[in-house]
Amino acid sequence: MNIKIRKALNTDAEFLAKMILQSSRADKKIGIFDLIFESKEDDATLKNIEKLTTTVGKNQCHYSNFLIAEIDGKSVGSLCSYEPRIATRETFLNSLKEIGSDSHTEEFFEILDTCNFGLNKSTLIFDFMEELEGHMNVGVLKALMQKSLLTARLKGYRIAQAMVEIGSLETLLYYKKLGFKEVRQIESGLYKEKFGRPGLILLSFEF
């Protein structure tokens, strides 16, 4: 089965929104975007995430940060890699303001601050590593990661990091299979109260 990896385009916004929402929920009832957009219906949440992927500011959800995996011309997986020195908190906030959805950011950032690892600005961050149901175990995530790491090397990066929720065993296993190791974890009562997970684990990979 031939897997094609390509850079995402702005026309991929609908697919990326599905992958971002799926990743943020990680088998929970709600994720961070449910909190930010406070939508009652998934369609409304997805539409807002779509807008977030095509804002002027290159926040971490921006389509330009994504690679997409295709099989037989169908998009089946995604992986985001972004530079925290570019995709800053301010950039994310400005992007939310741009789409008119910044009314719940204070609560979001409060939760985020309780699990702040103080990430190195010279580190590349991986996020939203997802694949469609029915396409697991065909090498989609591995192919996405290999391409991302190759691009990262060309940019001069030697360390990649990712954050996974404590208790999100499947996602954690995927990252470990790809060579990532646990560095640190932070537990937060507020995070658990909102999302039902104890906190976050920081993973790192040197290449």
Side-chain angles (χ1 to χ4, degrees), residues 8 10 13 16-17 19-26 28 30-39 45-67 78-130 148 151-152 155-157 159-166 168 171 175 180 183-195 197-205:
N10 60 356
L16 292 177
M19 295 293 94
I20 290 169
L21 185 59
Q22 180 176 308
S23 176
S24 68
R25 285 179 176 170
K28 307 187 304 296
I30 67 167
I32 59 171
F33 295 100
D34 296 286
L35 177 68
I36 291 171
F37 298 125
E38 207 180 33
S39 306
T45 305
L46 287 167
K47 286 296 182 184
N48 279 318
I49 298 175
E50 277 187 52
K51 294 175 185 177
L52 203 55
T53 67
T54 56
T55 55
V56 174
K58 292 189 177 180
N59 66 84
Q60 59 264 45
C61 300
H62 198 269
Y63 76 86
S64 61
N65 294 326
F66 280 84
L67 290 178
S78 70
L79 179 59
C80 170
S81 60
Y82 66 90
E83 301 169 85
R85 65 183 179 84
I86 296 174
T88 62
R89 173 183 291 204
E90 289 71 29
T91 305
F92 188 66
L93 179 57
N94 288 337
S95 295
L96 289 172
K97 287 180 179 177
E98 184 181 330
I99 66 173
S101 297
D102 61 326
S103 58
H104 298 283
T105 53
E106 186 175 332
E107 184 180 10
F108 166 67
F109 286 130
E110 181 185 359
I111 296 169
L112 216 60
D113 285 339
T114 66
C115 294
N116 188 353
F117 290 104
L119 297 175
N120 190 324
K121 290 292 192 293
S122 62
T123 299
L124 193 68
I125 306 299
F126 285 156
D127 205 349
F128 309 124
M129 180 174 68
E130 286 294 323
S148 290
T151 304
K155 289 182 178 180
Y157 285 98
I159 299 176
Q161 293 185 317
M163 286 167 284
V164 176
E165 288 179 322
I166 298 170
S168 187
T171 305
Y175 272 110
F180 283 75
V183 176
R184 185 184 168 199
Q185 64 176 293
I186 296 178
E187 295 190 12
S188 162
L190 183 58
Y191 196 96
K192 186 174 183 179
E193 177 188 334
K194 291 296 180 181
F195 304 121
R197 295 274 170 82
L200 297 175
I201 299 171
L202 179 65
L203 302 168
S204 186
F205 180 68

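Just so it is clear, the values below take in all heavy atoms, side chains as well, and ignore hydrogens, waters and symmetry mates.
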In this structure, CE of M129 is separated from CG of L79 (nearest 0.5 Å) by 7.0 Å
Do Y82 and F92 have ring centres separated by under 6.0 Å? no
| Side-chain donor-acceptor pair under 3.5 Å between T88 and T91, yes or no? | yes
The reported gap from OG in S78 to CD1 in I20 (rounded to nearest 0.5 angstrom) is 7.5 Å
Minimal heavy-atom distance between F33 and T45, with the atoms involved, is O-CG2, 4.1 Å
Closest non-hydrogen contact found for I30 with R25 is C-CG, 4.2 Å
> Any side-chain heavy-atom pair from F109 and L93 closer than 4.5 angstrom?
Replying inline: yes
Separation between OG (S23) and CG (L16), nearest 0.5 Å, reads 12.0 Å
Rounding to 0.5 Å, atoms NZ (K47) and CD1 (I49) come to a distance of 12.0 Å
The reported gap from CG in N59 to CG in N65 (rounded to nearest 0.5 angstrom) is 7.5 Å
Check the surroundings of atom NZ in K28: do more than 12 heavy atoms from other residues, nucleotides or ligands lie under 6.0 Å from it? yes
CG (L190) and SG (C115) are apart, to the nearest 0.5 Å, by 8.5 Å
